[in-house]
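Everything below concerns the one structure shown next.
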Amino acid sequence: MNAVSAYSFIASKKLTLSDPDWIRYALIGLTLGIIGLFLVLPLLTVLIEAFAKGWAAYSASLTHPDALAAMRLTLLVAVVTVPLTTVFGVSAAWAIARFDFRGKSLLITLIDLPFSVSPVIAGLIYVLIFGAQGWLGPWFSDHDIKIIFAVPGIILATLFVTFPFVARELIPLMQEIGHEEEEAALSLGASGRQTFFKVTMPNVKWGLLNGVLLCNARAMGEFGAVSVVSGHIRGLTNTLPLHVEVSYNEYDFVGSFAGASALAALAVVTLVLKTVLEWKQNQDKRLKG
Amino acid sequence: MSISVNHISKHFGAFTALDNISLDIPEGELVALLGPSGCGKTTLLRIIAGLERADQGDVFLKGDKVTDKPVKNRQIGFVFQHYALFRHMSVFENVAFGLRVKPRRERPSNDAVTKKVHALLELVQLDWLHDRYPDQLSGGQRQRIALARALAVEPSVLLLDEPFGALDASVRKDLRQWLRNLHHDLNVTSIFVTHDQEEAMEVASQVVVLNHGRIEQQGAPGDIYDNPANAFVSRFIGHTNIFDLEEHDADWLQTAGLSTAQQKGRIAHVRPHDIVIEKSTANSDAFVTLKDWQHLGALIRIELVKNGSNGPAASVYAEMPNKQFKRLHLNKGDKVDLRIRHAHWFH
């Protein structure tokens, strides 16, 4: 009986998806073709170019002091920005999902601003504010604090472009979940802190992790905004993406593509983590429902 | 007084949810806050719980003024309309939550928690579900788990928001009786909110009828049914026929027994069981015709229409026991004599 019903299920499914075969194969072929041409081929090129002069040249470029410094700086930027963005994202999502206040929709629009503004402009804003001729620049240089063409500027620019990631992920999620469970926790005698860590966070943890992951990928890969404020000082203010560009401009193709391969590897790791997260989340759901 | 509410008002923008409400609820009662949607009943419940702040007025629980106390210090148990079970916790952990979040020196040992949670799950007859997650439960089961969770902290008052609102009709019937019995055993002062007058009458020992943010009447269910304080309560509780004596064709009502002598108002509300009908004799000038009837179990509801008028507003409903109706040998279209035994008068 099971076999029969399974069969009829498939048959009815075929009937409802009644597009002719050639349309299906054409669409699948087109998608695969585009992915191959614009995603897989460039990635392969990166690897081919990186290894064009052999393994020795590749590893030498990756372990060059300037390349290592770029990697360290990229990691430092991510380590500083991701927690800040996370804290900001959670508080913004909390405020927007839980409270009604004047100007709420304006706040939501403002959170999206970094998505709509070109990163170059983001970088420029900081140069205009903190640069030597900027509004606050003279005050900072009087106090011997360097922001533009230094690490603080890079971090500020990265913060600007990454701060919507966590908030954007959490706002719809928290709005959908509502706050009945939190009220229930409070009515059972839980403090605000207990409610947050025992009820709110577990409910949004997958969304939060996803946002953190995307934010991390962007923080490490950001080029435009960072390029404006960094000053491209080798070994000091070059992040990995900047290092790729500088090497390329100096005809050091192996060095450039080796750096690019490191970034690509990072992207792949992010993708794998994201897939694992989604798989675990589904697993979690199946277990409970 | 176990729960006292003193001159409470609450506005949402221009909308008045509660308009100067005062209410006393004695220890041990099971009270229904009854009213149409938007009458402010849920808001009042949430203000008593401390989930909402009143614009004006005070709340007292067991004589203590709790107006400024946060919800977590009020010692209340709250059951939410959609249960609000913690979706990432098992049934056991849901019920244990209130015990586990207690300050360290009041917190019971793990063994004590386990024992208490199983006792509560047995009380709601769902101990066999202790390792399930909320998603895996039916509506009625979730409702009972939510109740067990609220009872775990030994609340001094139990507040339930539309406790049966989201359930199937058959489950609802069982749960009503079960809640009544549970209240009888535990004797915790309880308030539940409902828009279903039948539910309020069946479950509660006291009913508070609310409309437009005001209390229309408070009393025992039977009292409210027999002596409605105003036209709203009379219409809202049970079925009623409404006759306006100043309508031009209202003369026939006098013949039916609504004499102007006992008239105490302009509008008469007549319960269907206060209308007696008989088959009229062949030459009588009867004023109503039997149109149709419906079986309501032991009772039968008879739809009568005034002769010479048309339109649905002209229908009058009478109710009588099945057997009595059979003895009358009435058919559809028969002319019928009608007598009104009792009416409530309103202006």
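Predicted model only: the values in this text are computed from it and were never measured.
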Worksheet item: Heavy-atom distance under 4.5 Å to chain B: side chain of A:Glu181, backbone, both or neither?
Response: both
Worksheet item: Of all of B:Asn73, B:Leu99, B:Leu85, which one pairs up most often with chain A through heavy atoms under 4.5 Å apart?
Response: B:Leu85
Fill in: Residue pair A:Ile177 / B:Arg87, side-chain heavy-atom distance below 4.5 Å
yes
Discussion item. Taking 4.5 Å as the heavy-atom cut-off, does anything in residues 206-216 of chain A contact chain B, and if so which residues?
Written reply: none
Response to the item:
Within residues 88-119 of chain A, the residues sitting under 4.5 Å from chain B by heavy atom, in sequence order, are none
Item to complete: Kindly give the heavy-atom pair with the smallest separation between B:Val101 and A:Leu188, and that separation in Å.
Response: CG2-O, 3.9 Å
Worksheet entry | With sequence neighbours excluded, residues passing ring-ring contact (aromatic ring centres under 6.0 Å, His included) with B:Phe164 | none
Worksheet item: Would a 4.5 Å heavy-atom cut-off, applied to side chains only, mark B:Phe80 and A:Glu183 as touching?
Response: yes
Item to complete: Taking all non-hydrogen atoms of both residues into account, name the closest pair between B:Ala84 and A:Ala184 and its distance.
Response: O-CB, 3.9 Å
Worksheet entry | Portion of B:Phe97 that has a non-hydrogen atom of chain A nearer than 4.5 angstrom | side chain
Item to complete: Pick one of side chain, backbone, both or neither for B:Leu159, based on which atoms fall under 4.5 Å of a heavy atom in chain A.
Response: neither
Practice prompt. Could you look at B:Ala146 and say if it's the side chain, the backbone, both or neither that has a heavy atom under 4.5 Å from chain A?
Written response: neither
Worksheet item: Around atom NE2 of B:His184, are there more than 12 heavy atoms of other residues, nucleotides or ligands at under 6.0 Å?
Response: no
Fill in: B:Arg74 portion near chain A, given a 4.5 angstrom heavy-atom threshold
neither
Discussion item. Using only non-hydrogen atoms and a strict under-4.5 angstrom cutoff, which residues of residues 154-163 of chain A touch chain B?
Written reply: none
Practice prompt. Return yes when atom NE2 of B:His212 has more than 12 non-hydrogen atoms of other residues, nucleotides or ligands closer than 6.0 Å, and no otherwise.
Written response: no
Practice prompt. Please say whether more than 12 non-hydrogen atoms of neighbouring residues, nucleotides or ligands are located less than 6.0 Å from CD in A:Glu176.
Written response: no
Fill in: Straight-line distance of B:His88 NE2 to A:Lys198 NZ, nearest 0.5 Å
9.0 Å
